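Counting begins at 1 with the first residue of the sequence. None of the values given here were measured: they were computed from a predicted structure. Heavy atoms only: backbone and side chains are in, while hydrogens, waters and symmetry mates are out.
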Amino acid sequence: MAPSAASTRAPEVPEVAMESLYQEVQQSIASHWLFFFVAWMLVELLSMRRLASLPLVATLVVLMSRDGLGQFDEFAAKYAPRLRFDQTEGSGDRCFPESAEDYYNARASDDWDRRCNMDYESVASGSIPTYWHAAVCGYHLHIAYWSFYGYNHDCDCCSGERDAWFESLVIKIRDYTLDERLHEVRFSQKNGWYTRITGNYEILEETHPIAYVGKASHGFYHDDGGTGTCCYYQDYRNPDDVDQHMDTWLNLVELDNSSAWMTDSSTDIWNGISSPLFRNDWDLCALNGCTGSNLAVCGTSGCHKSDTDDDPF
């Protein structure tokens with residue numbers, strides 16, 4: 001007896017499961033264009049409910065995202081910056097980066113004592129995390145790296161002091177799926193930022209941009225210098241022969257909503273500022289090249305040293 005049409009029809013795929021698989025396929029498409037055709041076929045098959053085995057589809061999607069495909073971890077490590085600190089960082093309440101999670105947990109436990117990491121070995125050895133997230137913007141990959149500081153010292157005799165500070169550096173990898181190359185680097189400081197292009201910032205081992213860290217306000221700059229005032233470019237950042245630095249690729253933590261501090265939108269714990277996921281510059285495809293004056297003024301003047309104007313990054 002010939003089997004009935006009902007007995008040969010593939011089973012219905014639950015809507016929730018289909019939606020989950022759609023999301024996985026879309027992530028694979030966004031991450032690596034070489035697998036676009038395979039992903040497109042899977043989407044079509046799912047939409048027509050022609051696949052009898054849902055586990056088979058899930059397996060194919062997982063295989064597509066293995067070995068670095070569909071993941072940005074390798075890019076994040078390959079292009080992570082080296083941070084260079086002022087020779088006096090680690091003394092006189094001038095702090096190195098620390099764990100945002102540890103800071104958050106202490107505050108959540110009602111511990112409001114000042115936290116200032118003075119231990120250079122903790123950053124040199126990779127014990128302190130640098131946080132990152134990435135976004136595909138057209139043909140390019142943008143990756144943001146975030147450092148957290150428990151305390152910013154006065155930038156002069158009596159102003160600039162605060163608890164809790166996040167600072168970021170953003171890189172652009174042009175044509176990351178075809179002919180990847182590091183190009184623009186966006187340096188952030190004092191609620192502003194500016195962009196430098198290849199050849200106009202220092203680089204280590206061909207892929208790691210170097211950022212100089214202001215010793216009081218902890219902004220990121222493409223060069224050393226500073227006169228020790230609160231003016232925009234004048235925070236001291238003089239490594240000298242001490243050469244205190246942090247190779248951020250030794251400890252990278254993705255901002256993936258996996259910890260309580262990442263998902264908490266409140267600002268009280270951070271002394272009035274938002275954590276990275278809730279900031280206006282979280283959308284890496286909506287960034288611009290610089291902010292502030294084109295002139296060398298004391299106030300925000302990121303565009304003065306920017307190789308690009310305030311057009312999209």
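Between Lys190 and Cys231, the closest heavy-atom pair is CE-O, 3.6 Å. Shortest non-hydrogen contact noted between Ser91 and Met118 is CA-CE, 3.6 Å. Nearest approach of Gly192 to Thr291, heavy atoms of both residues: CA-CG2, 3.4 Å. The shortest non-hydrogen separation linking Tyr212 to Asp223 is CB-O, 3.3 Å. Residues Glu89 and Phe85 approach most closely at CB-CB, 4.0 Å, considering heavy atoms. Shown here for Ala134 and Phe72, the closest heavy-atom pair between the two residues is CB-CD1, 3.9 Å.
For the pair Leu255 and Leu277, the minimum side-chain heavy-atom distance is below 4.5 Å. Side-chain atoms of His140 and Asp175, non-hydrogen and from C-beta on, do get closer than 4.5 Å to each other. Inter-residue side-chain proximity for Phe166 and Arg279 is flagged as met; some heavy-atom pair is nearer than 4.5 Å. Within the 4.5 Å cutoff, side-chain heavy atoms of Met262 are placed close to those of Asp256. In this structure the side chain of Ile128 never reaches within 4.5 angstrom of the side chain of Asn251, judged on heavy atoms. Between Tyr201 and Leu182 the shortest side-chain heavy-atom distance falls below 4.5 Å. With a 4.5 Å cut-off on side-chain heavy atoms, Thr207 and Trp249 do not count as touching. Considering only heavy atoms from C-beta on, Glu184 comes within 4.5 Å of Ile197 through its side chain.
A donor-acceptor distance shorter than 3.5 angstrom exists from the side chain of Asp86 to the backbone of Thr88, with no hydrogens or angles considered. A side-chain donor-acceptor contact under 3.5 Å links Lys172 to the backbone of Phe313. The backbone N or O of Ser147 sits nowhere less than 3.5 Å from a side-chain atom of Glu167 that would complete a donor-acceptor pair. Side chain of Tyr194 to backbone of His222: a donor-acceptor contact under 3.5 angstrom is found. Of the possible donor and acceptor atoms, one in the side chain of Arg107 sits under 3.5 Å from a partner among the backbone N and O of Asp113. Asn257 contributes no side-chain N or O that, together with a main-chain N or O of Thr263, makes up a donor-acceptor pair within less than 3.5 Å. No donor-acceptor pair under 3.5 Å is formed between the side chain of Ser266 and the backbone N or O of Asp268. The backbone N or O of Ser188 sits nowhere less than 3.5 Å from a side-chain atom of Arg186 that would complete a donor-acceptor pair. Judged by distance alone, the side chain of His183 and the main-chain N or O of Arg174 form no donor-acceptor pair under 3.5 Å. Proximity of a side-chain donor or acceptor of Arg181 to a complementary backbone N or O of Asp179 within less than 3.5 Å is detected.
Aromatic rings of Trp270 and Phe278 (six-membered ring for Trp) have centroids beyond the 6.0 Å cut-off, not under it. Taking the six-membered ring wherever Trp is involved, the centroid distance between the rings of Phe220 and Tyr145 does not fall below 6.0 Å.
Hydrophobic clustering keeps Val170 apart from Ile143 (ILVMFWY residues linked when any side-chain heavy atoms are closer than 4.5 Å, directly or through intermediates). Tyr149 is not connected to Tyr236 by any chain of hydrophobic side-chain contacts under 4.5 Å among Ile, Leu, Val, Met, Phe, Trp and Tyr, and they are in different clusters.
Each of Thr248, Val123, Leu169 was compared with Thr130 under the side chain to side chain contact (heavy atoms under 4.5 Å, CB included) criterion, and only Thr248 meets it. Across Glu205, His208, Glu206, Glu180, a single residue satisfies side-chain hydrogen bond (donor to acceptor under 3.5 Å, both in side chains) together with Lys78, and that is Glu180. Considering His218, Glu121, Gln244 as possible partners of Phe96, the one that fulfils the side chain to side chain contact (heavy atoms under 4.5 Å, CB included) test is Gln244.
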May I have the step-by-step check of side chain to side chain donor-acceptor pair (under 3.5 Å) for Asn288 and Trp193, ending in yes or no?
-> CA-CA 9 Å; Asn288 66 339; Trp193 56 88; 2.9 Å; yes
Give the intermediate values and the outcome of salt bridge (charged side-chain N to carboxylate O under 4.0 Å, His left out) for residues Asp243 and Arg84.
-> CA-CA 7 Å; Asp243 192 26; Arg84 298 194 69 193; 3.0 Å; yes
Starting from the C-alpha separation in whole Å, work towards a yes-or-no answer on ring pair (Phe, Tyr, Trp, His ring centres under 6.0 Å) for Tyr79 and Tyr176.
-> CA-CA 12 Å; Tyr79 293 98; Tyr176 81 103; over 10 Å; no
Criterion salt bridge (charged side-chain N to carboxylate O under 4.0 Å, His left out) on Arg115 and Asp163, from CA distance to verdict = CA-CA 8 Å; Arg115 296 179 63 90; Asp163 290 324; over 6 Å; no
Does the pair Phe148 and Trp261 meet the rule for a ring pair (Phe, Tyr, Trp, His ring centres under 6.0 Å), with working shown?
-> CA-CA 12 Å; Phe148 174 75; Trp261 76 268; 7.7 Å; no
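The aromatic rings of His153 and Tyr151 sit perpendicular, their planes meeting at an angle over 60°, well past the 30° parallel limit. Note: Trp146 and His133 have parallel aromatic rings, judged against thresholds of 30 and 60 degrees for the angle between ring planes.
The line from CD of Gln189 to OG of Ser168 is 9.5 Å long, rounded to the nearest 0.5 Å. Note that the CD atom of Gln87 and the CG atom of Asp240 stand 4.5 Å from one another [nearest 0.5 Å]. Asp93 CG to Asn152 CG: the interatomic distance, rounded to the nearest 0.5 Å, is 11.5 Å. Atom CZ of Arg94 and atom SG of Cys116 lie 10.0 Å apart (nearest 0.5 Å). The distance from atom CD of Gln234 to atom OG1 of Thr229, rounded to the nearest 0.5 Å, is 5.0 Å. To the nearest 0.5 Å, the span separating CE on Met246 from OG on Ser125 amounts to 9.0 Å.
For Arg237 and Tyr221, the positive end sits near the middle of the six-membered ring, less than 6.0 Å away and at most 45° from its axis.
Between the side chains of Ser109 and Asp111, no donor N or O sits under 3.5 Å from an acceptor N or O.
Between Cys285 and Cys137, the SG-SG separation falls below 2.5 Å.
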